[in-house]
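Please read the structure below before turning to the comments.
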Amino acid sequence: MLPEEYPVVLTVFPALGARRLSQEKVLTRRLNAIETLGATSVLCVDKTGTLTENRMTVARLQAGNASLDVDYTAVPAGLPEDVHTLVEFAILASEADPFDPMEQAFHRLGQHFLANTEHLHRDWTLVHEYGLTPELRAMSHVWRATGGDAHVVAAKGAPEAIVDLCHLDEHARQKISEDVNAMAVAGLRVLAVAQSRFSGEDWPPSEHDFDFEFVGLLGLYDPLRPEIPAAVRESRGAG
């Protein structure tokens with residue numbers, strides 16, 4: 001009932017199509033992928049490390065009423081005193097030798113602007129830490145300072161988690177939420193920082209048992225890879 005040429009045609013046509021696709025540097029495992037691509041109007045891709053360099057940089061600092069866009073090219077390099085504590089505790093809440101791009105960004109910020117100040121503490125000892133949990137998207141480090149009896153506690157994490165740790169009133173929560181939204185609209189990734197003191201070494205089971213004070217917000221920027229604008233133009237040109 002079927003002409004004998006059909007198997008040949010069905011073999012040759014996909015082979016010709018595959019050859020043409022290979023010349024366009026495209027590898028296709030399923031033919032329906034081509035149909036789907038032809039009907040695509042919105043293309044969603046991973047961002048971090050794909051569109052961006054995965055090399056975070058602190059771009060904005062917000063502490064109290066002080067808001068500052070960080071300029072790494074300014075000479076001499078310096079930050080207002082109002083944001084020194086924010087940078088200090090962002091570093092204390094990070095690993096001493098970080099691999100996370102955001103924590104690396106905090107350390108670079110401190111080395112660039114606070115290298116000759118009392119806000120960097122290489123001689124302090126980390127004595128206890130609280131990691132991220134599904135219930136609380138924040139982490140805390142407890143440090144033994146070289147002076148004083150009380151331990152220093154530094155926390156950083158999602159703004160809503162840090163606000164929850166600080167047990168702030170509704171007015172303060174609303175103000176912080178507005179600041180977070182302003183940074184997010186500018187395309188920044190936002191983290192919040194808090195500080196506390198604790199005497200003794202009977203560490204509480206939960207970070208909520210520390211008397212945290214809200215310090216401020218950091219907005220981070222992950223630069224685009226140089227080739228991304230051309231890739232976006234090519235995608236738009238393809239429809």
Side-chain angles (χ1 to χ4, degrees), residues 47-48 52-96 98-122 124 132 137-141 143 145 152-166 168-169 171-197 207 210 212-224:
K47 178 180 74 69
T48 303
T52 66
E53 297 178 358
N54 196 20
R55 183 176 56 82
M56 303 298 292
T57 301
V58 178
R60 187 174 301 173
L61 302 172
Q62 174 80 41
N65 294 323
S67 180
L68 173 71
D69 289 328
V70 181
D71 182 5
Y72 291 86
T73 63
V75 178
L79 290 175
E81 186 68 32
D82 293 346
V83 297
H84 283 194
T85 300
L86 174 59
V87 178
E88 173 185 5
F89 276 82
I91 295 172
L92 289 174
S94 305
E95 298 296 335
F99 63 88
D100 180 83
M102 288 189 293
E103 294 189 344
Q104 291 175 349
F106 299 151
H107 278 269
R108 285 197 304 271
L109 180 69
Q111 292 298 327
H112 190 85
F113 291 105
L114 303 179
N116 298 315
T117 71
E118 72 280 8
H119 295 286
L120 299 184
H121 308 285
R122 299 181 185 87
W124 286 15
L132 289 168
R137 306 306 296 169
M139 62 182 297
S140 300
H141 285 169
W143 295 87
V152 177
V153 188
K156 76 173 189 319
E160 61 272 17
I162 297 298
V163 166
D164 188 39
L165 280 178
C166 295
L168 300 175
D169 59 33
H171 176 73
R173 288 171 180 262
Q174 183 63 32
K175 172 63 168 59
I176 293 170
S177 177
E178 292 173 358
D179 292 337
V180 170
N181 289 337
M183 289 189 184
V185 167
L188 302 179
R189 182 180 297 184
V190 187
L191 286 185
V193 175
Q195 64 171 323
S196 183
R197 299 292 188 274
E207 292 161 276
F210 292 113
F212 276 113
E213 173 189 351
F214 189 84
V215 177
L217 303 169
L218 302 101
L220 297 105
Y221 172 68
D222 190 0
L224 281 177

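All residue numbers in this chain count up from 1 along the given sequence. What you see is a predicted model; the values in this text were computed from it and never measured.
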For V152 and A145 the tightest heavy-atom approach is CG2-CB, 4.5 Å
Between the main-chain N or O of E88 and the side-chain N or O of H121, is there a donor-acceptor pair closer than 3.5 Å?
no
Rounded to the nearest 0.5 angstrom, the CD-CD distance for Q62 and E178 is 11.0 Å
Taken to the nearest 0.5 Å, the spacing of T57 OG1 from Q104 CD works out to 10.5 Å
Check step by step if side-chain contact (heavy atoms from CB on, under 4.5 Å) holds for L120 and Q111.
CA-CA 8 Å; L120 299 184; Q111 292 298 327; 4.0 Å; yes
Atom pair CZ/CD1 of R122 and I91 - distance to nearest 0.5 Å
9.0 Å
At their closest point, which heavy atom of A59 faces which heavy atom of L188, and how far apart are they?
CB-CD2, 4.0 Å
Any chance you could measure W124, atom CH2, to H141, atom NE2, to the nearest 0.5 Å?
14.0 Å
List the atom of P80, the atom of L68, and the distance in Å for their closest heavy-atom pair.
CD-CD2, 3.5 Å
Quick check on D169: does its CG atom have over 12 non-hydrogen neighbours (other residues, nucleotides or ligands) under 6.0 Å away?
yes
Ignoring hydrogens and angles, tell me if any N or O in the side chain of H112 forms a donor-acceptor pair with the backbone of Y72 under 3.5 Å.
yes
Run E81 and H84 through side chain to side chain donor-acceptor pair (under 3.5 Å) and show every step you take.
CA-CA 5 Å; E81 186 68 32; H84 283 194; 3.3 Å; yes
Between A184 and V190, what is the shortest heavy-atom contact and its length?
N-CG2, 4.3 Å
I would like to know whether H119 and L79 meet side-chain contact (heavy atoms from CB on, under 4.5 Å); could you show each step before the answer?
CA-CA 12 Å; H119 295 286; L79 290 175; over 6 Å; no
Sequence neighbours left out, cut at 3.5 Å: what donor-acceptor pairs do the side chains of residues 153-162 make with other protein atoms?
| unit_1 | atom_1 | unit_2 | atom_2 | d |
| --- | --- | --- | --- | --- |
| K156 | NZ | A93 | O | 3.1 |
| K156 | NZ | E103 | OE2 | 2.8 |

Interatomic spacing from CD in E213 to OG in S196 - rounded to 0.5 Å
9.0 Å
To the nearest 0.5 Å, how far apart are CZ in F212 and CZ in R197?
11.0 Å
Quick one: closest heavy-atom pair of G64 and K175, and the distance?
O-NZ, 4.2 Å
Donor-acceptor pairs under 3.5 angstrom involving side-chain atoms of residues 214-223: please list them, not counting sequence neighbours.
| unit_1 | atom_1 | unit_2 | atom_2 | d |
| --- | --- | --- | --- | --- |
| D222 | OD1 | N54 | N | 3.0 |
| D222 | OD1 | R55 | N | 3.0 |
| D222 | OD2 | T52 | OG1 | 2.5 |
| D222 | OD2 | N54 | N | 3.3 |

Non-hydrogen atoms of W143 and L92 that approach each other most closely
NE1-O, 2.8 Å
So does L168 get a backbone contact from the side chain of R173, meaning a donor-acceptor N/O pair under 3.5 Å?
yes
